[in-house]
Amino acid sequence: MISLCPVCGSLLVRKEGEADYYCQNPECSGKNIFALIHFASRVAMDIDTLGEKVVETLHDQTFLQTIPDIYKLNQYKSSIMELPGFGDKKVQKILDAIEKSKQQPLDRLLFGLGIKHVGAKVAKTLLKAYPSIDQLKQATYEDLIQIPDIGPEIAQSVENYFSQHKQLEMLDELKSLGLNLTYHQDEVKPHEFNGKIFVITGTLQGYSRDQASALIEKLGGKVTSSVSAKTNILLAGSDAGSKLKKAIELGVYVMNEEEFKVKTDE
DNA sequence: GAGCCTCGAGATCT
DNA sequence: CTCGAGGCTC
């Protein structure tokens with residue numbers, strides 16, 4: 001089947017062994033769109049509901065031009081909600097999924113960057129030898145070619161990618177936006193709620209008190225009733241009163257429902 | 001309620 | 001890959 005680039009109309013090509021189409025016109029912004037779609041896709045960063053159409057629309061509306069822009073979308077929430085077809089729930093779902101994707105294992109991110117010859121498998125192979133972006137970007141051609149299953153083509157492509165300033169800057173930006181740039185191969189890390197002491201206050205929209213407590217305990221946290229110096233996290237719903245005030249005085253971390261939802265999801 | 005979009009299931013091919 | 005279900009917007 002023949003497809004045309006939705007942006008510039010030129011013929012799309014599919015590279016051998018890859019699922020996605022690319023626009024070859026060097027002037028075309030369609031390339032960006034495909035790169036973004038690939039990054040967000042299920043096989044890469046798996047950003048739920050950030051599918052082709054959504055990426056395309058946000059790109060056309062200039063909210064989304066580069067990969068780091070994905071992680072800045074939350075700044076434009078209200079403007080995005082004014083777009084036709086982007087209601088409250090949909091936008092929130094997208095933003096939640098984006099937030100969650102920051103924790104994706106690094107091999108997904110590396111694959112998502114769309115480096116030539118670096119597919120899902122090669123990404124893992126590279127990270128076994130150099131388990132962080134900081135290490136990988138310093139590897140020379142000679143270093144890379146020593147890695148089992150990595151030949152001259154891939155080594156050249158990877159070296160080339162990391163020699164470009166604009167890519168290094170982009171990766172720095174992703175780091176500062178809170179993405180995970182180190183690879184924890186088979187380390188199953190305990191949930192961040194593990195061992196934390198919670199207090200719940202105010203009215204939660206999506207959970208009853210019992211549900212929230214059960215969720216926290218399931219993830220290894222503990223729920224107590226009053227805020228003290230021992231409290232680690234105050235989960236605050238709307239209309240929070242004295243507990244919130246006290247938490248702020250004591251410097252206890254205050255978590256809103258949105259963050260709670262994201263962090264307990266899965 | 002209609003229409004759009006994304007996802008997952010199950011079939012298909014390699 | 002194709003199809004249908006389900007969620008969301010309007």
Side-chain angles (χ1 to χ4, degrees), chain A residues 1-9 11-23 29-105 107-109 111-114 116-125 149 151 153-154 179 204-208 211 215 238 256-266:
Chain A
M1 165 155 125
I2 293 174
S3 333
L4 298 179
C5 174
V7 178
C8 72
L11 191 65
L12 295 179
V13 293
R14 176 155 54 175
K15 291 177 193 158
E16 199 173 334
E18 296 186 12
D20 299 315
Y21 286 89
Y22 298 87
C23 178
S29 63
K31 275 207 311 284
N32 292 330
I33 296 185
F34 285 105
L36 290 164
I37 290 171
H38 168 69
F39 184 87
S41 73
R42 225 177 317 177
V43 287
M45 292 296 270
D46 192 22
I47 306 180
D48 194 43
T49 72
L50 190 60
E52 296 192 19
K53 290 286 176 187
V54 174
V55 169
E56 214 178 307
T57 307
L58 294 177
H59 179 91
D60 292 347
Q61 299 299 320
T62 75
F63 292 111
L64 195 52
Q65 306 299 320
T66 67
I67 290 173
D69 287 347
I70 294 174
Y71 297 94
K72 298 178 191 165
L73 284 179
N74 52 7
Q75 298 169 23
Y76 305 106
K77 187 176 172 185
S78 51
S79 318
I80 293 170
M81 286 199 301
E82 286 170 15
L83 300 174
F86 287 77
D88 213 347
K89 291 197 171 178
K90 181 167 167 173
V91 173
Q92 195 53 54
K93 222 174 161 181
I94 293 169
L95 293 178
D96 286 349
I98 289 172
E99 187 64 27
K100 215 166 104 187
S101 77
K102 289 181 178 177
Q103 300 303 323
Q104 286 288 13
D107 61 294
R108 282 176 172 269
L109 193 153
F111 172 41
L113 294 176
K116 207 163 144 193
H117 299 123
V118 180
K121 183 140 185 228
V122 170
K124 283 190 176 136
T125 307
D149 300 330
E153 290 264 318
I154 297 174
L179 275 80
L204 300 170
Q205 301 305 316
Y207 310 82
S208 68
Q211 285 172 333
L215 210 44
S238 53
N256 63 26
E257 181 170 353
E258 193 177 317
E259 187 183 352
F260 180 75
K261 189 177 149 202
V262 172
K263 291 186 169 166
T264 53
D265 212 342
E266 254 172 51

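Convention: sequence-line order gives letters A, B, ...; per-chain numbering from 1.
- Regarding L83(A), its CG atom lies at a distance of 13 Å from the P atom of dT9(C), rounded to whole Å.
- Straight-line distance from the CD atom of E56(A) to the C1' atom of dT6(B): 15 Å, rounded to whole Å.
- Of the candidates dC7(B), dG7(C), dT9(C), dC7(B) carries the atom nearest the R42(A) side chain, counting heavy atoms from C-beta on.
- The interatomic distance linking K53(A) (NZ) with dC7(B) (P) rounds to 14 Å, in whole Å.
- Rounded to an integer number of Å, the gap from CZ of F86(A) to C1' of dC5(B) is 10 Å.
- Proximity of a side-chain donor or acceptor of Q104(A) to a complementary backbone N or O of S101(A) within less than 3.5 Å is not detected.
- Evaluation of the side chain to side chain donor-acceptor pair (under 3.5 Å) test over residues 78-95 of chain A, restricted to residues two or more places apart or in two chains, returns K77(A)-Q92(A), Q92(A)-D96(A), Q92(A)-E258(A).
- Put simply, CG on D88(A) is 17 Å from P on dG7(C), counting in whole angstrom units.
- Listed here is the closest heavy atom pair of L36(A) and Q65(A): CD1-O, 3.9 Å.
- Separating the CD1 atom in I67(A) from the CG atom in L179(A) is a distance of 10.0 Å, to the nearest 0.5 Å.
- As rounded to whole Å, 14 Å separates atom P of dT9(C) from atom CD1 of I80(A).
- No contact: I94(A) has no heavy atom under 4.0 Å from any strand.
- With dG7(C), dC5(B), dT9(C) as the choices, the nucleotide that has an atom nearest any side-chain atom of K93(A) turns out to be dG7(C).
- Straight-line distance from the CD1 atom of I98(A) to the P atom of dT6(B): 13 Å, rounded to whole Å.
- Distance, E52(A) CD to dC7(B) P: 10 Å, rounded to whole Å.
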